[in-house]
Every structure is written in structure tokens, then in C-alpha cells.
Amino acid sequence: MAEARALNQPGLLWQNRKGFLSAHTVDITGGLLFLLLAIFIVWPVITVLVKGVFGPEGFTLEFFREFFTAYYYQSFLNTLLLGVLTTSVCITAGFCIAYMTTRGPRFLRIPLKGITLLPLIAPPYIFALSLIMLLGRSGFITKAFNLGWDIFGFPGCVIAQTLAFLPLAYLIIENTLSSLDPSLEDSAANLGASEGKILRSVTIPLLTPSFLKAILIVYVMAVAEFGNVAILCGRTPFLAPDIYTIVTGVEHDFNMAGVLSMFLVLPCVIIFMIQDYLIRGKGYVTVSGKPISAEPRHMTPHILIPMIVISFIACGLILLSFGVVGVGAFTKLVGIDNTFTLSHILDWRANEALINSLKVSLLAGLFGALLGVLIAYVVIRGKFRGRSALEGLYLAGFTLPGTVLGLGYLFAFNNPPLLLTGTMIILVINCLFRFAAVGMEAGITKLQQLSIEVEEASLNLGASTVTTFRRIVLPIIFPAAMYGFMYVFMTTMVSLSAVVFLTSPGSPLASVFIFQWAQYGYIGLASATVVKLVVIVGICLAIIQYMSKWTGLSITRRG
Amino acid sequence: MGDERKSMLVLDDIHKSFGEVQALRGVSTDVKEGELVTFLGPSGCGKTTLLRVISGLTKSDSGKIVLEGRVINDVTPDKRNVQLCFQSYALFPHLTVAGNIRYGLEVHKWKKERIKERVEELLHLVHLDGLGNRRIDELSGGQQQRVAVARALALEPKVLLLDELFSNLDANLRVQMRTTLHEIQRRVNITTIFVTHDQVEAMTISDRLIVMNQGIIEQVGAPIEIYEKPNNEFIASFIGYVNILKGEVKSTGKDTEPATVSTELGDLEILSSEKDIKAGREVYLIIRPETVYIGSLEEAIEVNKFKGTIKSIMYAGSTVKYVVDIEGRDLFIDQYDPTTLGIRSMGDKVVVTIPRNVHILKE
Ligand SMILES: Nc1ncnc2c1ncn2[C@@H]1O[C@H](COP(=O)(O)OP(=O)(O)O)[C@@H](O)[C@H]1O
Ligand SMILES: [Mg+2]
């Protein structure tokens, strides 16, 4: 993703060469991509941010002054703190699980990994739903033990976010840990180091770049996340839900929304600026190489036990959440009337929303994948200046908080000639531009393996442009496009933060539908829709996996 | 061997399986104090596994490991006093050269000044003086490998285990490193077990060679002994490419008289020290390519001469490798010093002479 490509140098071999597209065509396409970028990412963001400093009477800092009144400022600080808490818990849990699945007993490896990755096919706010059902005001546990306490506020947000971002943190850390030569740890043991000493002096230092990467990404996501926080914040203010409230609520204060957006974007920008500095500047050793299935390590109890406990709690909570949402889908009114019902599952409004979601996601996936590989091709094969800026800006679109980009679309495309608000097109465009960067990164990785000589050779042998594309470029780029499609499709299916501003009441998306019912307390209906969503995403995933086997084209990004 | 030195390490019937794969199937041996022993065997024969078992990083399924008379099966790798140098070197990439060498000393809580002294001493020993502050990735392969050796020697282990130490180096450097290793090993006089799949390396480096195949020891002996008198076909062909001729003993010689064996080439006269050669027995004869003489003239010795045709020629600088077709069977022949002797051409009719003192396989 964003991080995978930091060190590549695109287009090195592309001076005065001819690929399947002429250099001229590539340049024109590049210009076109810049134009699209300007219209669909830069312009909306500017529109939002400008609102923060331009009132009815022109430029003003009045809104900023207002921001620093206790409430919104508090909300900003809360958001930063939430980021810190979620990141710490999430990285710790991610490391423990990654350690267990690469160094722990073999029989635990596959189950732990499978459960940890499970949240990838579910909407992130599945955890908000399940926490409400368990520990909300009338949750199973709250009622059963007559607790005078509920989960709203920081505890709920941290737990839900941790579980939602766990797959990401886990994958980043596991990727390095599984490529870390086990003989390093063996030789430390042979030299007399205890297991604790090995962790401190060998394993963790070598994982530092991965930790930094995971920390940055999880932090940015936690700060910007909308769904879980909006459902679980209770009376604690956080930025993302605040923006939503002041835009859609009675206040309708677009200027303050602009200021809040600025403060939401700010941490992300800062973090990504220091990322380069942190990772490149210190000369950390990066671990690279093929993943190896390491022998289980002999762990002393004071290491094994905390790791097992943390891994089991995290995986237990994930399973529990899925289970609870499953139960909630068939329960009349969780905590109040716990009788079985099929009415939630059979609700037609949800089905309509799901079909909308499917349409939007398929279209966004298709165009997102195309856009992704097109950018990749232009970035690798183009020779105009600003190629890396093109790539960087699309990546920025990917890391921007959804709330800001959603709001931006709402403001920017509300007038002719681009009057898109309220249409399904705006949803498709929003999602495809936000998520295309993943396909782009995959495409760049793939295209770097295809040297320009291969394309030239094909053209020299008399193949036409079309043939060269079909026979040479396509097989290389197809897996990347598939990967891009899958990512955009799956993310669009469950994404909430941006589209919540853009759906029209007449044709809601499933994710927005779930969010709204959850907010109004219709947990059963929300759960039932989540279940259907998970099933649909799961089935699509299975179909794609099957197809990729059947066509012999791998969609995994390795190799 | 009648070695008077005392035993340092005794392995007694070591077994180790990974699921279906039997990596070690009963390995027993006795390594003397200060000795350099080489385990030689093809890839996958269990060499690495054996070293890991000795160092304690892998637990054996059964068998005893005895170090200086003490059974150490249940001693953890950090307390065994046995250091393994990994094939990949396993140097810590985030530490400097000195940081790597120092690691074990720090773990064992040595005093700062002593650590410093010891590190200097080791750097000097492995010819890396002044490179202590280098990063590992700034070193060449040969230097990295010496850092690995220095790190392993730091704690003055009783036994040093070297896993395919030279396999990542290019050919020239290998030769140089062998000499260096030899010198270091003599200097510290440390009991060393070296494993390799390269027969030349094994021959040149060790006092004693242990040939392994598929998890068992096939033959133990001095390099020359193994080269000249391999126990079986596997060893014979593994040690160097050879001609193996199947034959039947026609008549045994009395005392110093030669025996006659009928082979695919025809009758061969051989002088053998083997006592149990009886008429009618099937034997395999090992004929090394460099012992066969190739000539076109009639020579003084009348025995063991065969007519053939040159089938292929490979020029390799100091030698020429011929394949000669004799009665439809290929015989490999190495001829040294082509500058003086000249090189033959394809299709030349030649007469080859097989020496009488060929080795006979026992089985
Ligand atoms: N950790 C392991 N798991 C499964 N099989 C192994 C493992 N280590 C070694 N083996 C198997 O044991 C045999 C011996 O391996 P090894 O000791 O590495 O051989 P060598 O070092 O001589 O090449 C091989 O067949 C190898 O595949
Ligand atoms: Mg090996």
C-alpha cells in the first residue's frame, strides 16, 4: 500500500523508449490523470478547508478563535488521545499475535492468523455494534451483572478501533517477522541470551521500521475513523463525529466543519511528513527476504503467558463480536426482548440498500482498478516531470480522512456544471478516487518487473500495440488490477465515513443504513444487515479467489 | 584410529526425525580434543540438523550427546559451551562488527574493560583489526564470515561448529579462507566440527573425514584413506568422479601374485590387499581417472591394456579430461600436463593402461 513503495524509482529506463503506448500518449494520459486528481481530490479538499477561514464577510480567523473554546478544542485533544490509546493497544496485540503465528506452536498459527484477519471482510463498525449489545446500556452483560457502567466513551472506542485495525497492524508486523531469519534468534540463544533478552536485543530492534510503519498507519486511521467512534462516543466529543453532527444536525455550521476538518487532516499530514524522516533518517536495518516457516521457539513462561493471553483476548473478542452480531441479527430487541425472530433478516429496506451498495461497489471497483493501473503505467513509463507527485497525491487521497473527502464532495459538487450531489455517481467517484491508490501501488510493483525491453522486443517482432498490450502488458498488470478491484470493491462495500454525507435518503447504502439504525438503537436490523454484508463480501472474495486459481493468474502481490 | 588424545565430544546413536523425514538415523562418533573433524555429505543428508542437535538448538529424538564426559542432552543451548556458526552467518544486522562479537560477552556480564580487550584480541585473530565500528553490510562476504567465527570464539567454547562456512564465498576467496581457518583453529587449538558438501574442501581442511549420507555415517577416516579406499559406490562417486567397473573374480593370486577379474572391458589383473577375494565372487572396481594412462604406443607393461576411441575431450588448463570408448563402455581419463604431452583429437584410436593396484569395493 502506501508504504510499500517508498524506495522505488519509477521510470529509470524510460528515456526515449517506446512501450506499447507511445511516449506522447503516455504524456497526454498523465495530463489527464492530473486533471482528474485536481477535480476529484484536490478541489474538494480545498473547498472544505477554505470554509474554515472564509466566512460571509471574506477572510477571517473568527472560526479558529471559536474552535479554541473549550468544546471543540477538547474534541481535538480527545481525538489525539484516542489515536495514542488505540495505536498502543493495537500494535501490542498485533505484535503478540504475529509473534505467536511465526514463532509459536504450530497448531496455533493458522487459527490465530485466520481469526485476526477476519475483520477484513466485515465493516469496521461491527465491533461498535457488538460492544453495544454486550456492554451498552441494555447489553447482555450489563443486564446480566446489573452493571452501573456502560462502554460508551473512550473504553468502547479504543476496543472497537483496536479490533478493527488489528489485521492491518498484524499484517505489517507479521510480514517482517516471518522474513526474519530465525537463525539470528538461534545464534543469540546459542551465545547465552535468554528469550527476553533476545526479544529486547534482536527481534524488536529489527522490527523497529515495521513498528514505526504500523504505528503511523494505525494512528492516522484511528484519528480519522468515523463509524465506531460515532456509534460509541457517548458524551465524549471526537472530531469526526462532531463534523458529522454540525453538518447534518441543526447547527449546519459549515465553517466550523471546515476548521475541524483542518485539525483532522493536520495530524495525518504531520505523521506522513515525519514518516520519511523517521524511517530513512535513522538508518534502521530493514529486514527483507522470503517468508520462512520458522521452528516453534522454546518460550519461557514469562514471555509465553502474556503473549498467549493477549493473543487469545484479542482473537476471543473478534470471535465474540462476530458471534454476538450473528445472534443480534435474530433477536427481537437485544437485552429487552431476547426472543428469536426472522424479521430483521427479511427486512426489505436492508436488501434494497445492499443492492445499492453492490452496484456502487462494483462500479467503483471496476473503474478504481482501471484508474489504478493506468496511473501505475504512467508513473512507471511516463517521462514528464511530476510523475512522483502524481503518485504521491493519489496516495494522499488514500490517506485523507474519509470524513473530509466526503464533506468536500458535498461542498464541491453541489453546483453546476458538476452537480452530482444526491446521485449514485458521486458515491462511485468518491470511492474510486479514494481507494484507487492500492491498485496503483500493486501495479507499480508489477510493472517494475516488466522491463521496457520486453515491450520493445514485442513491438520489434512486429506485434501491434494491441497485441503487445494483450500478450505482454496485460498478464503482468492483470493481477494488480484484480487486487485493486478487490480492494476498492470490499472497502466500498463497508466504507462509511465519506459516503455518509453523500447518500440521498431515497437510496441509502448498506453501510449508512447500518450506521443510522445503530444510532437510533435498531440494533437487530443493523446486525442483520452486517451479517448479510459479511456474507456477500465473503462470497465475492471466494469467487475471486476461485477465479484467480482457475485463470492461473495470481491476485496475491508477492513475486 | 589409535588416537591418544582424550575425547571431547561423543555422539551416541543420535536420531532425529521431522515428521516423515528421518534427518538423522543413528549417528555415533567420537571427537578428540583439539581435533578438526569434517562431516562431508550431499545436501539434505542431515549435516545442519546434526550441528543443531549438538548445539542444543534442536532436540534429538534419542541418543546421547556427551561433552567432556558429561551427558548434555538436557542442557539448554546457552549453557552448553558449544558455539554454532550458521551457514547464513546470522550476524545481527543492527549491530556493528564489535557489537556482534561483544554480544555474548555482554550477555554473560563480562566487565567493560575485559570485553574491550577480548574484542580487540578477536578482531586481531581473524585479521579484522580496526574494523570494529563497521556496519555488517559494509563488509565483504569473507569479512562477514570471519566476524561470525570471531563471535563464536568469543566465549571460548569447548567445541566450535561450522556449518558450510565457505559456501557463500567465491572460489578464490574460499581457498584463502580455508588457510585462514586452519591457522585460526591451530592457534586457538579448539575442537572443531566442520560440515560441508564440497569434497575438495573437506579433503584439504580436515584431519579426519566423516562421510554422511541420508542421516547415517558411511565412512570415517583420513582424507587419503577415504579417497583411495571408499567403502561403497556412493562414497566413491561422491568423493570424485570415478570409473566403477563391475566384474567377476576369475582367479585369485597367491601371496603377491595378481588376481584376475573379468570385466566389461576384458580381463584385468589386479593386486589387492583384500584377503577375502575368492574366485567366482562379484566385485566392483574403483578406477580413478587420473590413474589411467593413455597412449598410442605399445608400452613395456603388457597387462591391462585396452584399445579404444576418444569420444570426448574437455580441456581444463592443467588437465585434459577424456572419455574413451572401450568396447562400448565409457572410461573417464584425466591426463595432466597437456602442454608437454599434447592433446589428442576426437576419434583417435588409443591404447589405455589401467593400473594393477585398483581399489575393490567390499560389497
Ligand atoms: N525444521 C525442519 N523441518 C522439517 N524438515 C527438516 C527441518 N530441518 C531439516 N529438515 C529435513 O531434514 C533433512 C536434513 O536436513 P539438513 O540437516 O538441513 O541437511 P544438510 O544440512 O545436510 O543439507 C532434509 O531432508 C530436510 O528437509
Ligand atoms: Mg545445511
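In the text below, chain A, chain B and the rest are named by the order of the sequence lines, each starting its count at 1.
Using a 4.5 Å cut-off between heavy atoms, B:I136 makes no contact with chain A at all. For a residue to count as touching a neighbouring chain, one of its non-hydrogen atoms must lie under 4.5 Å from one of that chain's; by this rule B:R80 does not touch chain A. Proximity to chain A involves both the backbone and the side chain of B:F92, based on heavy atoms less than 4.5 angstrom apart. Of the two parts of B:L84, the backbone and the side chain both hold a non-hydrogen atom closer than 4.5 Å to a non-hydrogen atom of chain A.
Closest non-hydrogen pair, B:H108 versus A:G192, comes out as CE1-CA, 3.8 Å. Here the closest heavy-atom approach between residue A:L184 and residue B:P93 is recorded as CD1-CD, 4.1 Å.
By the neighbour-count criterion of 12 heavy atoms within 6.0 Å, atom CG of B:D129 is densely surrounded, having more than that number from other residues, nucleotides or ligands.
A distance of 6.5 Å separates CD of B:E106 from NZ of A:K197, quoted to the nearest 0.5 Å. Once rounded to the nearest 0.5 Å, the distance linking CG of B:L57 with CD of A:E185 reads 11.5 Å. To the nearest 0.5 Å, the span separating OG on A:S187 from CG on B:N100 amounts to 8.0 Å.
Checking B:D78 against A:S194 by side-chain atom types alone, no donor-acceptor pair falls below 3.5 Å.
Ranked by heavy-atom pairs under 4.5 Å with chain A, the list B:C85, B:G56, B:G104 is led by B:G104.
A:N190 places no side-chain N or O within 3.5 Å of a backbone atom of B:Q83 that could act as its donor or acceptor partner. Looking at B:H94, its side chain does come within 3.5 Å of a backbone N or O of A:S201 through a donor-acceptor pair.
A 4.5 Å side-chain heavy-atom check between B:R52 and A:D186 finds at least one atom pair inside the cut-off.
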